[in-house]
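One structure is given here, and the rest of the page talks about it.
We're numbering straight along the sequence, starting at 1.
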Amino acid sequence: MAMLTLCSAVAALRVLPDRSQFFQYESVSLSCGQEGTSPAWRVKRNTSTSVNQECSSERTNDSHCFIEDLYSLDNGAYWCESAAGGCSDAVNIMVTAGHVILESPVLPVTEGDDVSLRCRTKSTSNLTADFYKDGVLIGSSSAGNITVPAVSQADEGLYRCAVSGAGGSSESWLTVRAGRPEPPDSPLAGFLLPVVGACLSLVLLVVLVLLVLLVLLCLWRRHKGRVDPDVSYTDVTITQEAQTNRIRDATAAPTFYSTVKPGNT
């Protein structure tokens, strides 16, 4: 049964166990989880006998509804609502007096999640079950359960199961929500990435050159301070004697020289 109340969805309805189909006399717990500091929340429902009715019991508060024994009269839509006009998405709860139910998520699943489907009967634990989506057989399992891997929007639809000799379940709607969108690629990022890469390469090159120069400087200093043990050293002092200047007498007559050849006299 569809929910007739119009409101802004700002809360989440929690259902334990997380499935939409129940056998008669089973129990279910529904509670409200709101965002921020909103007013008190109440669990409400639309059933075949009531519309916009509060679902509460003496054992719980207004934001929590616990139904200990489910009956077919509890079939309907359940949601959370506040006096300020906030609400959650509605979920459908189905109670059957039959022999087979399909255990599937009652709350929406996210794209990429793995979803488990289980076919259960009141009396049989090990059974072979067939699973259908929108009336088309999608698989069989001797263990009574299958997994839909990495669901997408294409997996959204009506699911049911059947057990030979025991009958089939009602149909349950599986809702698949889109995952969180990835941020779009920025044109600036495509320009900056090569620039940043070039700058990093330049910085690494400068650091490498500096390291090489540092190593060479250290080797040069070590070589400069090293003494060769095979070479002897001594102190050598060089002195220069002063030469006596010869002084010629300025008043002396000039001296002439001639060559005398031996001969007859």
- Derivation and outcome, side chain to side chain contact (heavy atoms under 4.5 Å, CB included), residues Val212 and Leu216: CA-CA 6 Å; Val212 172; Leu216 293 176; 4.1 Å; yes

- Got a donor-acceptor contact below 3.5 angstrom from the Asn46 side chain to the Ala77 backbone? no

- Message: Is any side-chain heavy atom of Leu107 closer than 4.5 Å to one of Val91?
- Response: yes

- In this structure, NZ of Lys122 is separated from OH of Tyr25 (nearest 0.5 Å) by 8.0 Å

- Message: Are the side chains of Ser31 and Val43 in contact, using a 4.5 Å heavy-atom criterion?
- Response: no

- Query: When rounded to the nearest 0.5 angstrom, what distance separates CD in Gln24 from CG in Leu73?
  - Reply: 9.0 Å

- Query: Just by distance, do the side chain of Glu54 and the backbone of Arg42 share a donor-acceptor pair under 3.5 Å?
  - Reply: no

- Sorted by chain and residue number, the salt bridge (Lys or Arg N to Asp or Glu O under 4.0 Å) partners of Asp130 (sequence neighbours excluded) come out as none

- Least distance between heavy atoms, Ser169 atom then Gln21 atom: CB-OE1, 3.7 Å

- Determine, for cysteines Cys80 and Cys32, whether their SG atoms are under 2.5 angstrom apart. yes

- Closest contact, heavy atoms only, Trp173 versus Glu156: CZ2-CG, 3.7 Å

- Message: Using side-chain heavy atoms (C-beta onward) and a distance below 4.5 Å, is Val115 in contact with Leu117?
- Response: yes

- Short side-chain to backbone donor-acceptor contact, Ser27 and Glu68, under 3.5 Å: yes

- Does any N or O in the side chain of Ser50 come within less than 3.5 Å of the main-chain N or O of Gln53, such that one atom is a donor and the other an acceptor? no

- Query: Please walk me through it: do Phe131 and Ser140 pass side chain to side chain contact (heavy atoms under 4.5 Å, CB included)?
  - Reply: CA-CA 6 Å; Phe131 294 86; Ser140 299; over 6 Å; no

- Residue pair Ala150 / Asp114: nearest heavy atoms and the distance that separates them: N-OD1, 2.8 Å

- Which distance, rounded to the nearest 0.5 Å, do you find between the CG of Leu158 and the CZ of Arg160? 10.5 Å

- Item | Ser152: side chain to side chain contact (heavy atoms under 4.5 Å, CB included) partners, not counting sequence neighbours | Glu111, Ala154, Asp155

- Is any NZ, NE, NH1 or NH2 atom of the basic residue among Glu103 and Arg19 found under 4.0 Å from an Asp or Glu carboxylate oxygen of the other? yes

- Interatomic distance, CD1@Ile67 vs CD@Glu26, rounded to 0.5 Å, equals 12.5 Å

- Query: Do the side chains of Val15 and Leu70 join up, straight or via other hydrophobic residues, at under 4.5 Å, putting them in one cluster?
  - Reply: yes

- Not counting sequence neighbours, list each pair that qualifies as a salt bridge (Lys or Arg N to Asp or Glu O under 4.0 Å) and has a residue in residues 197-220. none

- Message: Can you tell me which residue among Leu210, Val203, Val209 is in a side chain to side chain contact (heavy atoms under 4.5 Å, CB included) with Val206?
- Response: Leu210

- Which atom of Ile138 lies closest to which atom of Tyr132, heavy atoms considered: CG1-N, 4.2 Å

- Item | Closest non-hydrogen atom pair, Val100 against Thr96 | O-CG2, 4.4 Å

- Message: I need the minimum non-hydrogen distance between Ala166 and Thr121, along with the two atoms involved.
- Response: CB-CG2, 4.2 Å

- Would you mind reporting whether Phe23 and Ile101 have side-chain heavy atoms less than 4.5 Å apart? yes

- Task: Using a 4.5 Å cut-off on heavy atoms from C-beta on, say whether the side chain of His64 contacts that of Ser29.
- Result: yes

- Message: side chain to side chain contact (heavy atoms under 4.5 Å, CB included) for Leu102 and Cys161? Distances and angles first, verdict last.
- Response: CA-CA 6 Å; Leu102 173 67; Cys161 68; 4.1 Å; yes

- Distance-only side-chain donor-acceptor flag, Ser142 / Thr128, under 3.5 Å: no

- Would Val106 end up clustered with Phe22 when hydrophobic side chains under 4.5 Å apart are linked, directly or stepwise? yes

- Drop me the distance from Ser104's OG to Tyr159's OH, to the nearest 0.5 angstrom. 9.5 Å

- Would you say the side-chain atoms of Asn75 pair up with the backbone N or O of Ser48, donor to acceptor, closer than 3.5 Å? no

- Note on the structure: dist Leu13:CG -> Glu81:CD (nearest 0.5 Å) comes out at 12.5 Å

- Could you walk me through whether Val28 and Leu30 pass the side chain to side chain contact (heavy atoms under 4.5 Å, CB included) test, one step at a time? CA-CA 7 Å; Val28 64; Leu30 304 99; 4.0 Å; yes

- Residues Lys133 and Glu171 bridged, charged N to O under 4.0 Å: no

- Query: Does the side chain of Ser141 reach to within under 4.5 Å of the side chain of Ile146, using non-hydrogen atoms?
  - Reply: yes

